[in-house]
Amino acid sequence: MKKTWWKESVVYQIYPRSFMDSNGDGIGDLPGIISKLDYLKQLGVHVVWLCPVYQSPNDDNGYDISDYQQIMDEFGTMEDWEQLLEGLHQRGMKLIMDLVVNHSSDEHHWFAESRKSTDNQYRDYYIWRPGKDGREPNDWASFFSGSAWQKDEATDEYYLHLFSSKQPDLNWENETVREEIYRMMTWWLDKGIDGFRMDVINLISKNPELPDAHTPDPGIGTMPPDEGQTYHFGGQHFVNGPRVHEYLQEMNRKVLSRYDIMTVGETVNVTPEDGALYVGEDRNELNMVFHFELMQVDSGPGGKWDIRPWRLSEIKQVISKWQTLLHNKGWNSNYLNNHDQPRMVSRFGNDSVYRKPSAKMLATLLHTLQGTPYIYQGEEIGMTNIRLSSIDDYRDIETLNMYQEYKEAGRDTDAIMESIYIKSRDNARTPMQWDGTEQAGFTKGQPWISVNPNYTDINVQEALADPDSIFYYYQRLIELRRQEPIIVYGDYTVLQPEDEQLFAYIRSYEGQKLLVVLNFTDQAQPFKLDAHVSYHEPQLLISNYGGDHGRELAEEARSHNLRSLSLEPYEARVYLWQE
Ligand code: NOJ
């Protein structure tokens, strides 16, 4: 397997709006991020992924871009951005930017022109169609509720928007559009950035006939249940569409391959087989993809808001499939939350009594799989989901549209709010909790979205003062990955895949073995190492229980008895030995 810097790196994702506000307007900004670079250095991460900071009317918090080469006023200036890049590079860290080119904002000048007339020179930059029988051109639903088409008065035609009506889809069939995008990417790369995270990149190629979806399909799960609905998920006509690989290979040839950078594509509804086509090392497309299979383990047939409990065996099945299928072919990206997902400790761990051990246990999983770990801001201090008392306190367009649609369909308000508490994207978007002062030290003003009231207990200042904190555990995991190549490059074998309490696996590399055992429950659990796994003088590399128990564990390892272990609630242990 080829060795590269981005396989050995740990990425930290920043959602700028919620990270740090420097000027008291309640909105995080670039100078705010710059003021926290030493914090990131202390954590030890190698790469920062910055969510969109471009000019935007903020219908979807920056994922609706009106100028790809300007910085959003609320976030600062291009000089601030340059200082950020320099500050990262000076500290030995890299910067990757969010590339949002499935769609632009309707306030982009391309679209302002495009909508003017059917023969405007920008008309074909977007996907326009006349209506059919007095209705939309087809029955596709938008990911953010309602139809994926918006009628535009000026020409009496409809444009396609897979997301909000302020996010018209760009027409990748048009070569001029592609050239504009490549030019813009080159411009950023020439400024010295180290790569891109590519927003919903597997949706850029649509079946040009734009056929009806017809068949109900809950899709990536952001859709309401389909029965009786007017609009349907049309994924079969745009997920991994007909020309997507051609486009990415072209982008790679014309832009990406000319730089030493990393790329990670957000790809909805992909299987590992699809994933291999994007990241196969011989395919010259992307380095990694973010898949959604793990994010769907707690969704029912009705999609994201149809919530069901997850099962550990399914989590293992998904992870094992991706670990095995990409091995020696491509590279995995591993994440347990981001700005679109609930907080991992609330979702897969325990955000009350066992918040600290369970956050550390999940971190152990994230950092000991094959693939590049992605940490989302606040994860390293164990930030949790939030319950805002009124829908008026929510800000996320997906949440607000769903609420509206479900209300109109006559659903029970309390039930809707319950699903929002579990799944809303705003769970991850509350301000970063820096200290115990008012507004968690995030802003001197009124934050754009409420601070989680638990900031008095859960904050960076507290974490830095506690040697046993989640923060320092992350720091150790990040260091370990650098010290032990087996963690990066070793292959992966799952043990006891059907077990619903423990997740255990073995990594192997150049005569070494690593055993990871994770307790996903709030009960003590016995673990028996399969008889066919032989071991030799194991060393306890890391565990999330300190104090006396930690000493006992180290002792146990020295006594070389791994056959029969007993794990505390949410305990994680990692052993290493030479064969
Ligand atoms: C995925 C992004 O992560 C999400 O925040 C956004 O709403 C959609 N793509 C549309 O750009």
Side-chain angles (χ1 to χ4, degrees), residues 11 13-19 28 49-66 68 72 96-108 111 126-127 140-146 148 150 159-170 172 181 196-204 206 219-223 233 235 238-239 244 263-270 286 288-292 294-296 303-305 333 335-343 374 376-377 394-402 423-430 448-449:
V11 181
Q13 181 193 353
I14 292 184
Y15 195 66
R17 209 171 187 75
S18 302
F19 192 64
W49 150 26
L50 196 60
C51 283
V53 293
Y54 316 97
Q55 198 70 255
S56 163
N58 283 305
D59 190 51
D60 185 20
N61 288 355
Y63 282 93
D64 48 320
I65 298 170
S66 53
Y68 289 98
M72 191 192 301
I96 68 172
M97 296 288 280
D98 220 310
L99 182 77
V100 189
V101 289
N102 172 69
H103 44 267
S104 72
S105 161
D106 66 337
E107 297 183 33
H108 195 291
F111 191 78
Y126 296 87
I127 302 172
W140 295 0
S142 145
F143 283 104
F144 291 163
S145 306
Q150 176 70 38
Y159 63 87
L160 179 71
H161 60 87
L162 292 181
F163 293 89
S164 97
S165 58
K166 286 185 66 63
Q167 293 167 298
D169 281 54
L170 284 159
W172 277 71
I181 291 169
F196 290 109
R197 175 268 186 188
M198 302 187 187
D199 194 64
V200 289
I201 200 68
N202 69 325
L203 307 186
I204 58 178
K206 281 86 179 169
I220 71 164
T222 56
M223 314 292 237
F233 181 65
F238 56 76
V239 170
V244 69
T263 53
V264 52
E266 184 200 28
T267 50
V268 292
N269 268 21
V270 296
L286 304 174
M288 291 168 259
V289 293
F290 292 129
H291 68 78
F292 282 72
L294 205 55
M295 298 294 119
Q296 285 161 350
K304 166 171 177 168
W305 305 103
S333 71
Y335 72 98
L336 293 170
N337 49 199
N338 60 34
H339 65 295
D340 292 331
Q341 299 294 336
R343 288 282 177 184
Y374 289 75
Y376 178 62
Q377 68 185 41
Y394 284 84
R395 299 285 175 264
D396 167 34
I397 180 167
E398 181 199 32
T399 305
L400 298 175
N401 287 1
M402 177 282 280
K423 284 284 182 77
S424 171
R425 305 196 297 182
D426 280 340
N427 281 308
R429 298 178 179 184
T430 61
W448 70 277
I449 187 170

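All ligand and atom numbering here is 1-based and tracks the order in the structure.
Nearest non-hydrogen protein atom to atom 7 (O) of ligand 1 is Asp60 OD2, 2.5 Å. Summary of contacts: the protein heavy atom closest to atom 5 (O) of ligand 1 is Asp340 OD1, 2.7 Å.
Within the structure, ligand 1 lacks Glu398 among the residues with a heavy atom less than 4.0 angstrom away. In this structure, Phe144 has a heavy atom closer than 4.0 Å to ligand 1. At least one heavy atom of Arg429 sits less than 4.0 Å from an atom of ligand 1. Between Arg197 and ligand 1 there is a heavy-atom distance shorter than 4.0 Å.
The CG atom of Asp396 sits 5.0 Å away from atom CG of Asp426, with the distance rounded to the nearest 0.5 Å.
With hydrogens and angles ignored, the 3.5 Å screen pairs a side-chain donor or acceptor of Ser18 with a backbone N or O of Arg429.
Remark: aromatic rings of Phe290 and Tyr335 are close, center separation under 6.0 Å. Annotation: Tyr63 is in aromatic contact with His339 [ring centroid separation under 6.0 Å].
With respect to Lys423 and Asp340, no salt bridge is recorded, no charged nitrogen being found less than 4.0 Å from a carboxylate O.
For ligand 1, the atoms closer than 4.0 angstrom to any heavy atom of Glu266 are 1 (C), 3 (O), 9 (N). Listed by number with element, the atoms of ligand 1 under 4.0 Å from a non-hydrogen atom of Arg425 are 4 (C), 5 (O), 6 (C), 7 (O). When each atom of ligand 1 is checked for a heavy atom of His103 under 4.0 Å away, the hits are 10 (C), 11 (O).
Residues passing the salt bridge (Lys or Arg N to Asp or Glu O under 4.0 Å) test with Asp60, sequence neighbours excluded: Arg425. Remark: Ser165 engages Gln150, Tyr159, His161 in a side-chain contact (heavy atoms from CB on, under 4.5 Å) (not counting sequence neighbours).
Remark: among candidates Asp199, Asp64, Leu203, the nearest residue to atom 2 (C) of ligand 1 is Asp199, based on non-hydrogen atoms.
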